Amino acid sequence: KPNILLLGPTGSGKTYLLRNLADLIGVPFVKADATKFTETGYVGRDADEVMGELLQAADGDVELAQVGIVYVDEIDKVCSEGEGRSSSFRQAT
C-alpha cells in the first residue's frame, strides 16, 4: 500500500482534502493525532487502536478497512519536539 506525505500550513485544508477523497472513493477515513502516540500505548494511543477505529469506520468490513485512509496529523510537532534529544517516536520509526 502506498504512503503519501501531504504537506501544507495550518488551515490549508489537508484534512478536508483527505476526508473528501475518502468519501469520493468510498473508503473509511480515520484521523490520528501523532502527538498522542506512544510506543506501548500505555499512556497514549498505539497503532492497534487506530486500526480498530478504521475497522469501526468500515462498519466491521475487514476488506473495506484494508483500503481505508489513516491520516496521521501533527507529525511535524512530534519530530521537532525536544531538539537535541532523542524522542521515543523517532527511535521507533
Side-chain angles (χ1 to χ4, degrees):
K1 219 173 190 188
N3 295 313
I4 297 172
L5 180 61
L6 183 61
L7 302 172
T10 301
S12 63
K14 298 177 297 292
T15 304
Y16 178 78
L17 175 70
L18 289 175
R19 191 178 308 273
N20 283 304
L21 176 64
D23 287 343
L24 181 69
I25 62 177
V27 299
F29 174 85
V30 172
K31 178 182 172 190
D33 185 342
T35 62
K36 305 276 191 277
F37 281 104
T38 63
E39 278 185 77
T40 60
Y42 292 131
V43 177
R45 300 181 68 186
D46 64 7
D48 290 338
E49 189 177 326
V50 175
M51 294 300 106
E53 285 182 29
L54 186 63
L55 185 58
Q56 186 177 17
D59 294 325
D61 184 337
V62 174
E63 288 184 20
L64 184 59
Q66 289 176 343
V67 295
I69 296 174
V70 175
Y71 176 51
V72 182
D73 197 15
E74 306 294 348
I75 195 79
D76 58 321
K77 289 182 177 62
V78 173
C79 292
S80 65
E81 81 179 16
E83 292 285 346
R85 62 176 187 197
S86 168
S87 77
S88 62
F89 183 83
R90 280 184 274 174
Q91 290 173 358
T93 56

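Keep in mind it's a predicted model, so treat the numbers as computed, not measured.
Gln66 contributes atom CD, which lies 9.5 Å from atom CG of Leu55 (distance to the nearest 0.5 angstrom). Between the CG atom in Leu21 and the CZ atom in Phe29 there is a gap of 9.5 Å [rounded to 0.5 Å].
In this structure, Gly68 and Val27 approach most closely via the heavy-atom pair CA-CB, 4.1 Å. Closest approach of Gly26 and Leu64 over heavy atoms only: O-CD1, 3.5 Å. What you find for Ala32 and Val50 is that their closest heavy atoms are CB-CG2, 4.0 Å. Nearest approach of Ala57 to Val30, heavy atoms of both residues: CB-CG2, 4.4 Å. The two residues Pro28 and Ala58 make their nearest non-hydrogen contact at CG-CB, 3.8 Å.
Two residues are said to be in side-chain contact when any heavy atoms from C-beta on lie closer than 4.5 Å; Val70 and Met51 meet this criterion.
A 6.0 Å sphere centred on CD1 of Ile25 holds more than 12 heavy atoms belonging to other residues, nucleotides or ligands.
Take Lys31 and apply the side chain to side chain donor-acceptor pair (under 3.5 Å) test, not counting sequence neighbours, and it matches Asp73.
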Would you give me the side-chain donor-acceptor pairs under 3.5 Å for residues 7-18, sequence neighbours excluded?
{"residue": "Ser12", "atom": "OG", "partner": "Pro9", "partner atom": "O", "Å": "2.8"}
{"residue": "Lys14", "atom": "NZ", "partner": "Gly8", "partner atom": "O", "Å": "3.0"}
{"residue": "Lys14", "atom": "NZ", "partner": "Pro9", "partner atom": "O", "Å": "3.1"}

